[in-house]
Amino acid sequence: MTDPDDILSYNRTAWDRQVERGNRWTVPVDPEVIARARSGDWSIVLTPSKPVPVDWFPPLGGLDVLCLAGGGGQQGPVLAAAGANVTVLDNSPAQLDRDRMVAEREGLRIETVRGDMADLSAFPDGRFDLVAHPCSNGFVPDVRPVWREAFRVLRPGGLLLSGFANPVLYLFDEFALERGEFRVAHTIPYSDLTSLGEGDRRRLADRDEPLAFGHTLGDQIGGQIEAGFALVGFYEDADPESPLGAYLPTFIATRSLKPGSS
């Protein structure tokens with residue numbers, strides 16, 4: 001499987017099944033979270049556990065925000081309740097159903113669009129003030145188009161807030177890691193399609209896991225800069241559910257500015 005459309009379709013089905021399985025990134029926020037957001041007490045995560053600093057955001061009232069590959073009924077509804085005009089784009093219809101469910105339950109206005117994070121042709125240039133991109137670009141084989149499209153749809157002076165994996169996460173044999181064994185097995189960049197044998201790919205498919213790709217920091221950070229962004233914020237985060245999380249932070253968040261003024 002090398003065709004990007006085939007990968008997109010495979011991962012769409014896999015994420016729909018992850019919704020059925022109750023994956024933590026598919027569980028919508030509860031009414032109490034929305035009530036607090038409406039009163040000005042809100043936060044979102046782009047990485048496993050650390051909230052995005054509030055000062056990374058401009059005032060949200062009336063802000064046009066794209067949650068890029070951010071379905072699941074989590075970030076989008078919180079930002080909408082805090083006053084933003086929110087559009088959620090995701091590859092998974094079931095993930096988008098989560099956002100629509102919260103919007104209907106809470107009386108929020110959220111536009112949902114099924115699409116590819118690397119192809120934002122549904123939107124004109126300069127459509128958004130802010131793009132919030134939670135950890136998800138590890139499910140596309142080439143991340144640089146994601147950065148180029150995010151840059152295009154942002155207005156001058158707009159911000160891209162992104163979460164992504166440190167590529168060290170992909171060095172280790174995943175199945176050995178689940179047994180608490182740290183066995184270096186892969187090179188970076190990583191791909192489920194070429195880095196794993198057929199047996200291991202079948203084991204992941206049996207668990208309805210989407211195809212994953214480990215991008216270099218050159219593609220993740222350098223790719224943003226190459227697209228035209230200025231990097232103006234950075235932090236790291238550890239995943240408490242991963243054995244590696246006890247040793248180092250395996251996730252990164254960046255705040256990037258599209259130069260100019262709107």
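Just so it is clear, the values below take in all heavy atoms, side chains as well, and ignore hydrogens, waters and symmetry mates.
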Q: Under 3.5 Å, is there a donor-acceptor pair between the Ser121 and Asp119 side chains?
A: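 A pair is found: one side chain offers a donor N or O, the other an acceptor, under 3.5 Å apart.
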Q: I want to check a possible cation-pi pair here: Arg203 against Phe175, using under 6.0 Å from ring centre and within 45° of the ring axis as the test.
A: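 Checked: cation-pi criterion met.
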Q: If you measure only the distance, is there a donor-acceptor pair under 3.5 Å linking the side chains of Thr26 and Gln18?
A: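 Checked: Thr26/Gln18 side chains show no N/O donor-acceptor pair below 3.5 Å.
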Q: Does one side chain, of Gln74 or Asp99, offer a donor that lies under 3.5 Å from an acceptor on the other?
A: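 On atom types as modelled, these side chains do not qualify, holding no pair under 3.5 Å.
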Q: When you group the ILVMFWY residues by side-chain heavy-atom contacts below 4.5 Å and let the links chain together, are Leu161 and Phe151 in the same group?
A: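 Different hydrophobic clusters.
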Q: Quick one: closest heavy-atom pair of Arg144 and Asp219, and the distance?
A: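 So the two residues come closest at NE-OD1, 2.6 Å.
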Q: Just do the salt bridge (Lys or Arg N to Asp or Glu O under 4.0 Å) check on Asp16 and Arg12 with the steps written out, would you?
A: CA-CA 6 Å; Asp16 283 351; Arg12 180 181 307 125; over 6 Å; no
Q: What residue among Val88, Leu120, Leu89, Leu96 forms side-chain contact (heavy atoms from CB on, under 4.5 Å) with Val113?
A: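 It is Leu89, the one option of Val88, Leu120, Leu89, Leu96 that forms the side-chain contact (heavy atoms from CB on, under 4.5 Å) with Val113.
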Q: Are any side-chain N or O atoms of Ser195 and backbone N or O atoms of Ser191, one a donor and one an acceptor, separated by less than 3.5 Å?
A: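 Yes, the answer is positive, given that a donor and an acceptor are paired below the 3.5 Å cut-off.
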Q: Could you check Ile188, Leu177, Thr187 and say which one makes a side-chain contact (heavy atoms from CB on, under 4.5 Å) with Leu171?
A: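 The side-chain contact (heavy atoms from CB on, under 4.5 Å) with Leu171 is passed solely by Ile188 among Ile188, Leu177, Thr187.
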Q: What I want to check is whether the side chains of Asp239 and Thr250 have a donor and an acceptor closer together than 3.5 Å.
A: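 No pair is found: no donor N or O on one side chain lies under 3.5 Å from an acceptor on the other.
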Q: So, the side chain of Thr254 versus the backbone of Ser256: is there a donor-acceptor pair under 3.5 Å, distance only?
A: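 Absent.
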